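To start, the structure itself, in structure tokens.
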Amino acid sequence: MKSVWRTAAVAAALVFGMASPALGSPHIKDRYYYEQRGEMIWEVPTAQKVIALTFDDGPDPSETDQILDVLQQYNAKCTFFAIGKRIAAYPEVARRVITEGHELANHTYNHVYFKKPISEQQIQEELELTEKEIVKVSGRHSSLFRPPGGMYDETLVDVSNSMGLKPVLWSWHQDTRDWNRPGVYSISSRVIRNARNGDIVLFHDHVHGQSQTREALKIILPELQKQGFRFVTVSELIGLSDAQQAKNRRNLAF
């Protein structure tokens, strides 16, 4: 009888969100946990046809400029998660990103793949160094941070949020793997086929070898525009979330 009661109690707790699958175990700090608390972002629930294209690992004096040329052609605003030491090496490219209305965000100074358990001191140093370079070229701090490889733990989430840098990953169905140069068709078809409101798409504006990203964008941008999508920065996407829009409506009501 006790085992029957325990099974029923677990089922009820799961239905009403009162417990994790193992009764009495601590809450699993996974994607759902951090998204619910607003401490990390993978994508943004929104009724609007908007997508955030993001580019990691630049700036690159060749690839970033070529990508910016294509984005300008389609009036697409995007977010560049930049490496601090590359901003220091190519400040004029980083300035162009900002001048043309895109968002420059933090991707660590040395492109560190943080190994768990992640060192609080290492996170802070990497982020602070990059913020200094971002301030030099833009005059202000960024508000977003992407950990290389998407590697994170509780320490990384806590430290980055305390510094005013919200960790942003990407929609799991929108990892283009363009760094591996799978082919222009593979990159473009993945993005177009999987496009949903509020997606955050992962690209790179610095890869080893000949990049295929620019050519893929020439296919992706006009096709998704034809479908009614707008391309916005991650910060703009957050502002267009269903939750933020509801909050704005409540404020207007008062």
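Computed from a prediction, not measured in an experiment: that's the story for all the values here.
In this structure a side-chain-to-backbone donor-acceptor pair under 3.5 Å is present from Ser160 to Val157. The closest donor-acceptor contact from the side chain of His102 to the backbone of Val97 lies at 3.5 Å or more, if one exists at all.
Scored by the side chain to side chain contact (heavy atoms under 4.5 Å, CB included) test, His173 finds Glu43, Ser171, Asn194, Arg196, Asp199 as partners (sequence neighbours excluded). Every residue two or more places apart in sequence or in another chain that forms a salt bridge (Lys or Arg N to Asp or Glu O under 4.0 Å) with Arg37 is listed here: Glu39. Under the rule for a salt bridge (Lys or Arg N to Asp or Glu O under 4.0 Å), the partners of Glu100 that lie at least two apart in sequence or sit in another chain are Arg96. Listed by chain and residue number, Lys136 satisfy the salt bridge (Lys or Arg N to Asp or Glu O under 4.0 Å) test with Glu133 (two or more places apart in sequence, or in another chain). With sequence neighbours excluded, the residues that form a ring pair (Phe, Tyr, Trp, His ring centres under 6.0 Å) with Phe203 are Phe55. Applying the salt bridge (Lys or Arg N to Asp or Glu O under 4.0 Å) test to Lys85 and every residue at least two apart in sequence or in another chain returns nothing. Take Thr233 and apply the side chain to side chain contact (heavy atoms under 4.5 Å, CB included) test, not counting sequence neighbours, and it matches Lys77, Thr79, Glu103, Ser235, Glu236.
Note that NE2 of His111 is 11.0 Å distant from OG1 of Thr130, once rounded to the nearest 0.5 Å. Going from atom CD1 of Ile41 over to atom OH of Tyr34 covers 14.5 Å, rounded to the nearest 0.5 Å. In this structure, CD1 on Ile123 lies 6.5 Å from CG on Asp153, to the nearest 0.5 angstrom.
Members clustered with Val93: Tyr90, by chain and number, using a 4.5 Å side-chain heavy-atom cutoff among hydrophobic residues. Taking Ile, Leu, Val, Met, Phe, Trp and Tyr as members and joining any whose side-chain heavy atoms lie under 4.5 Å apart, directly or through other members, the hydrophobic cluster of Leu129 also contains Tyr109.
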I'd like a table of donor-acceptor pairs (distance under 3.5 Å, sequence neighbours excluded) in which one partner is a side-chain atom from residues 112-119, with atom names and distances.
| residue | atom | partner | partner atom | Å |
| --- | --- | --- | --- | --- |
| Lys116 | NZ | Tyr152 | O | 3.2 |
| Ser119 | OG | Gln121 | N | 3.3 |
| Ser119 | OG | Gln122 | N | 3.1 |

Enumerate donor-acceptor pairs with a distance under 3.5 Å from any side-chain N or O in residues 219-227 to protein atoms, sequence neighbours excluded.
| residue | atom | partner | partner atom | Å |
| --- | --- | --- | --- | --- |
| Glu223 | OE2 | Gln227 | NE2 | 3.0 |
| Gln225 | NE2 | Tyr74 | O | 2.7 |

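Looking at His206 and Glu63, their side chains never bring a donor and an acceptor atom within 3.5 Å of each other. Side chain to side chain, Asn197 and Thr46 fail the donor-acceptor criterion of an N or O pair below 3.5 Å.
Residue pairs satisfying the salt bridge (Lys or Arg N to Asp or Glu O under 4.0 Å) criterion with at least one member in residues 164-185, sequence neighbours excluded, are absent.
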